[in-house]
Amino acid sequence: MAAVRISSRSGLPSLLLYLGIGIALGQDGIFDVKFDNAELTQVIGYAALVVILAEGGLGAKWKEVKPVLPAAAVVSTVGVGISVGITASAAHYLVGLDWRQALIIGAVVSSTDAAAVFSVLRRVPLPPRITGVLEAESGFNDAPVVILVVAFSAAGPVEHWYVLVAEIALELAIGAAIGIAVGWLGSLGLRHVALPASGLYPIAVMAIAVSAYAAGAMAHGSGFLAVYLAAMILGNSKLPHWPATRGFADGLGWLAQIGMFVLLGLLVTPHDLVDDFWPAIVVGLVLTMVARPLSVFLSLAPFRMPAREKVLMSWAGLRGAVPIILATIPMVSGVQGSTRIFNIVFVLVIVYTLIQGPTLPWVANKLNIADDPAEADDLGIESAPLERLRGHLLSVDIPAKSKMHGVEVGELRLPAGAAVTLVVREGTSFVPSPATVLRRGDELLVVATDPVRDRAEERLRAVGEGGKLAGWLGTGSPVANAPGMVGPHGGSAIPQAMKLAKKLGGAGAGAPGNGSSSGSGSGSGTKTSP
């Protein structure tokens with residue numbers, strides 16, 4: 001994992017480091033391993049891409065993606081078409097490739113890579129509007145690009161453009177419908193069925209996401225769009241044991257990237273790259289300075305976005321593993337000059353990632369594009385189902401900038417049927433009183449009955465974003481004013497939730513007042529890691 005630490009400190013996407021490892025192991029490298037199986041590389045690359053898209057969809061926040069969904073859809077379709085046309089023209093007229101080869105290169109390099117973009121932007125807080133567009137675009141544009149590359153690599157003449165556009169639209173529609181259906185059914189099942197072990201939830205989530213890809217591909221739709229949409233729905237469905245699931249998916253995503261990048265490094269022959277270096281530089285220059293900016297500005301013209309944000313999104317069009325994987329399609333299809341296509345794409349990705357990756361934070365700072373530092377951090381809430389008790393145990397982490405800091409437990413005004421049963425502070429647990437003041441860094445255990453679980457979670461998030469007056473001053477969830485809410489001083493009774501707490505066996509020394517006293521607690525309910 002040294003490569004992960006190096007990439008995080010240097011600002012370079014880990015893609016380059018793992019590609020370097022593969023090159024060092026392969027031909028012309030230290031061990032001189034000869035590997036030229038493009039078909040196996042493509043199969044493994046597709047499998048890895050499915051896992052990476054699933055991980056990306058699980059991490060996508062619907063509240064950030066929803067407002068910019070139309071813009072992201074236009075950029076990933078119309079924008080891709082503009083980029084393909086300009087880049088292919090440059091490859092044909094400036095480099096001398098025939099039109100089939102030029103169109104393949106134009107399509108291959110039109111796909112952006114979310115992992116590469118966010119690996120260098122993780123230290124730069126950006127507004128949700130920008131991150132939402134970039135994230136959704138990187139998840140959506142793989143589907144039309146794959147269809148284009150396969151069509152251009154097929155034997156025989158390329159179909160008329162309107163036939164190709166209709167085919168792309170149909171496959172995207174089928175993939176979207178299947179992805180939404182599989183994601184919704186999967187989330188419904190996981191929310192209402194208690195699995196025998198918490199470790200099965202991450203496996204079940206990934207299995208459902210992969211099933212969406214299989215179903216989409218079998219229905220002659222876009223499996224890549226299906227897996228991304230299914231994973232996005234699962235990731236925003238408040239599933240049980242979510243932090244553990246997210247960590248499992250993140251680990252699988254890293255494993256897929258590492259294996260895929262090393263294999264791609266093995267496939268390339270370094271001494272063959274020399275002749276294609278300058279053609280790759282020319283094509284990449286047109287792509288970076290002309291095709292990408294024009295595709296962003298033209299496709300986002302109907303949307304009200306500042307020009308400086310469009311400039312940043314133009315520069316943030318990093319190419320990662322996806323273009324290199326797609327460059328194996330013409331090799332497997334036997335397209336004339338496919339090895340040269342692969343070499344040009346390989347050099348282009350490495351060189352321009354080296355240029356764009358480290359400079360992305362600098363560009364964001366120069367454009368004065370940064371998220372509001374005063375914005376409250378989102379709460380981390382994990383749910384463990386208590387099927388026999390018809391309830392849920394919510395584990396709530398209070399982050400550093402949460403506005404829940406300083407709020408009394410009674411001021412949370414949770415709905416009847418929900419109660420804060422335990423507070424863990426600095427490694428010590430205690431049962432809070434209504435006057436206990438919550439602090440940043442606390443972990444709360446909240447028991448909620450099944451009918452009010454969603455309302456309780458909405459209320460907790462509302463207080464985390466808007467403070468104790470959320471719902472009264474136009475912030476947060478309106479659930480605060482619903483009948484049966486706990487009053488500001490904890491006056492309303494919540495017998496249903498307290499019965500659940502007693503069944504869990506939670507006990508500990510009380511912490512009256514501000515909660516500075518502490519005791520210990522234990523319970524038979526599901527204790528989950530935050």
Practice prompt. Check for a donor-acceptor pair, side chain of Thr353 on one end and backbone N or O of Ile350 on the other, with a separation under 3.5 Å.
Written response: no

Discussion item. Strictly distance-based, threshold 3.5 Å: is any side-chain N or O of Ser338 a donor or acceptor partner for the main-chain N or O of Gly334?
Written reply: no

Response to the item:
Value for CD (Gln42) from CG (Leu264), rounded to nearest 0.5 Å, stands at 11.0 Å

Item to complete: Using a 4.5 Å cut-off on heavy atoms from C-beta on, say whether the side chain of Ile21 contacts that of Tyr18.
Response: yes

Worksheet item: Would you say the side-chain atoms of Arg292 pair up with the backbone N or O of Ser83, donor to acceptor, closer than 3.5 Å?
Response: no

Worksheet item: Between the main-chain N or O of Leu225 and the side-chain N or O of Ser222, is there a donor-acceptor pair closer than 3.5 Å?
Response: yes

Worksheet item: Is there a donor-acceptor contact under 3.5 Å linking the side chains of His92 and Asp98?
Response: no

Discussion item. Can you tell whether the side chains of Glu135 and Lys61 come within less than 4.0 Å, N to carboxylate O?
Written reply: no

Worksheet item: Under 6.0 Å between ring centres, would you say that holds for Phe152 and Trp99?
Response: no

Worksheet item: Counting N and O atoms only, with roles assigned by atom type, does the side chain of Asp250 sit under 3.5 Å from a partner on the main chain of Arg246, one being a donor and the other an acceptor?
Response: no

Worksheet item: Are Val51 and Met206 close enough that some pair of their side-chain heavy atoms sits under 4.5 Å apart?
Response: yes

Worksheet item: Is a side-chain N or O of Thr87 found less than 3.5 angstrom from the main chain of Val84, in a donor-acceptor match?
Response: no

Worksheet item: Are the side chain of Thr328 and the backbone N or O of Ile325 linked by a donor-acceptor pair below 3.5 Å?
Response: yes

Item to complete: Rounded to the nearest 0.5 Å, what's the gap from CG on Leu360 to CH2 on Trp315? Could you check?
Response: 8.0 Å

Item to complete: Answer yes when Glu465 and Arg461 have at least one side-chain N-carboxylate O distance shorter than 4.0 Å, and no when they do not.
Response: no

Worksheet item: Which value, rounded to the nearest 0.5 Å, describes the distance between Gln101 atom CD and Ile344 atom CD1?
Response: 8.0 Å

Item to complete: Heavy atoms only: give me the nearest Glu55-Ala249 pair and the separation to one decimal.
Response: CG-O, 3.2 Å

Worksheet item: How are the rings of Tyr228 and Phe140 set to each other: parallel, tilted or perpendicular (split at 30° and 60°)?
Response: perpendicular

Item to complete: Please check if the side chain of Arg319 supplies one atom and the backbone of Val109 the other of a donor-acceptor pair under 3.5 Å.
Response: yes

Worksheet entry | Check ion pair Arg191-Asp454 (N to O, under 4.0 angstrom) | yes

Discussion item. Quiz question: by atom type and distance under 3.5 Å, do the side chains of Thr112 and Asn141 form a donor-acceptor pair?
Written reply: yes

Discussion item. Just to verify, what does Glu171 make a side-chain hydrogen bond (donor to acceptor under 3.5 Å, both in side chains) with, not counting sequence neighbours?
Written reply: none

Fill in: Between CD1 on residue Ile341 and CG on residue Leu326, distance to nearest 0.5 Å
12.0 Å

